Student: 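If you scroll down you'll find the structure; I have some questions about it.
Everything numeric here is computed off the predicted structure, so don't read it as measured data.
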Amino acid sequence: MTPAPIAVALDAPDLETAARWASQVTPHVSTVKVGLELYLRYGPDVIASVRGASGVRVFLDLKLHDIPNTVEGAAKAVSRLRPAILTVHAAGGSAMIQAAVQAAPDTQIAAVTVLTSLSEADLERIGLSGPADDAVRRLAALSVAAGATALVCSPHEVASVRGEVGPGVTLITPGVRPVGAATQDQARVATPEQALADGADLLVIGRPITGSPDPGATAAAIAASLRRA
């Protein structure tokens with residue numbers, strides 16, 4: 001059975017827990033995601049630990065955002081770990097995105113458009129011209145023109161971003177919550193079924209899976225619901 005297009009966010013308190021969650025969900029999902037906290041705490045060792053014997057795809061979500069030369073060096077440094085996906089902030093601009101793409105040719109560079117935790121009011125306060133849908137589409141177009149082959153956007157913008165960039169770009173959506181799950185710190189959310197229907201390629205789901213009593217069973221149930229849909 002083909003694993004579901006889900007990246008489970010392994011926001012674990014320690015390396016052993018992250019590795020356990022990864023082994024539990026790997027039969028059911030295509031990808032596991034390592035975020036900034038886990039990577040800063042354990043460094044490159046975390047990639048090998050969560051990849052395990054299964055060789056599951058690892059999404060390294062570092063959201064690099066700095067001058068092009070610094071991002072180039074950082075992307076080159078982590079590319080030796082062979083992550084399938086590495087994130088950079090689209091707001092870093094074309095030259096920065098291009099530097100990451102060139103520094104890590106065997107890794108898919110995913111540009112983060114607007115964080116799913118930000119509301120319309122937040123965008124106004126930080127001076128980013130909205131509404132969110134317009135800001136996301138602008139950043140998406142800029143990123144793809146700079147060489148990014150994947151984009152991160154909330155489920156609310158997936159359909160319009162797909163219309164903007166066409167079918168050849170991988171759309172990754174955090175802020176995915178199964179029916180009945182708490183939204184927590186996400187402001188722009190949708191169900192897994194809706195996000196896929198709107199054009200998402202990879203769904204990021206964390207706490208609804210890892211916070212459940214049996215992460216493997218929960219991942220299996222969500223995967224099954226997607227296959228039915």
Student: What I'd like to find out is whether the side chain of Val152 reaches to under 4.5 Å of the side chain of Thr173, using heavy atoms alone.
Tutor: no
Student: Would you check if the side chain of Arg57 reaches a backbone N or O of Arg51 as a donor-acceptor pair within less than 3.5 Å?
Tutor: no
Student: Atom CZ of residue position Arg20 - does it have more than 12 heavy atoms of other residues, nucleotides or ligands inside 6.0 Å?
Tutor: yes
Student: Which residue is it: Val88, Leu36, Val34, Leu40? I am looking for the one with a side-chain contact (heavy atoms from CB on, under 4.5 Å) to Leu62.
Tutor: Leu36
Student: Name each donor-acceptor pair under 3.5 Å that joins a side chain in residues 102-110 to protein atoms two or more places apart or in another chain, with its distance.
Tutor:
unit_1: Thr107; atom_1: OG1; unit_2: Pro83; atom_2: O; d: 3.0
unit_1: Gln108; atom_1: NE2; unit_2: Thr149; atom_2: O; d: 3.3
unit_1: Gln108; atom_1: NE2; unit_2: Thr149; atom_2: OG1; d: 3.4
unit_1: Gln108; atom_1: NE2; unit_2: Thr170; atom_2: OG1; d: 3.1

Student: Give, for atom CZ of Arg228 and atom CD of Glu193, the distance between the pair rounded to the nearest 0.5 Å.
Tutor: 8.0 Å
Student: Quick check against the 3.5 Å criterion: does Arg162 have a side-chain atom that pairs as donor or acceptor with the backbone of Val169?
Tutor: yes
Student: Got Leu203 and Leu196 here, is their nearest side-chain heavy-atom distance under 4.5 Å?
Tutor: yes
Student: With distance as the sole test, does Thr17 use its side chain to make a donor-acceptor pair with the main-chain N or O of Pro13 at under 3.5 Å?
Tutor: no
Student: Find the distance between CG (Leu60) and CG (Leu86) and round it off to the nearest 0.5 Å.
Tutor: 5.5 Å
Student: Between Tyr42 and Asp14, is the side chain to side chain contact (heavy atoms under 4.5 Å, CB included) condition met? List the steps.
Tutor: CA-CA 9 Å; Tyr42 297 105; Asp14 54 69; 3.3 Å; yes
Student: Could you walk me through whether Trp21 and Val32 satisfy the side chain to side chain contact (heavy atoms under 4.5 Å, CB included) test, starting with their C-alpha distance in whole Å, then the side-chain angles of each, then the deciding distance to 0.1 Å, before giving a yes or no?
Tutor: CA-CA 9 Å; Trp21 286 347; Val32 293; over 6 Å; no
Student: Under a 3.5 Å threshold, yes or no: a donor from one side chain and an acceptor from the other, between Ser160 and Glu157?
Tutor: no
Student: Heavy-atom distance under 4.5 Å between the side chains of Val161 and Leu151, does that happen here?
Tutor: yes
Student: Could you walk me through whether Asp134 and Arg138 satisfy the salt bridge (Lys or Arg N to Asp or Glu O under 4.0 Å) test, starting with their C-alpha distance in whole Å, then the side-chain angles of each, then the deciding distance to 0.1 Å, before giving a yes or no?
Tutor: CA-CA 6 Å; Asp134 290 348; Arg138 287 197 310 271; 5.5 Å; no
Student: Are side-chain N/O atoms of Ser212 and Thr218 paired as donor and acceptor at under 3.5 Å?
Tutor: yes
Student: Hey, is the main chain of Gly206 close enough, under 3.5 Å, to the side chain of Thr210 for a donor-acceptor pair?
Tutor: yes
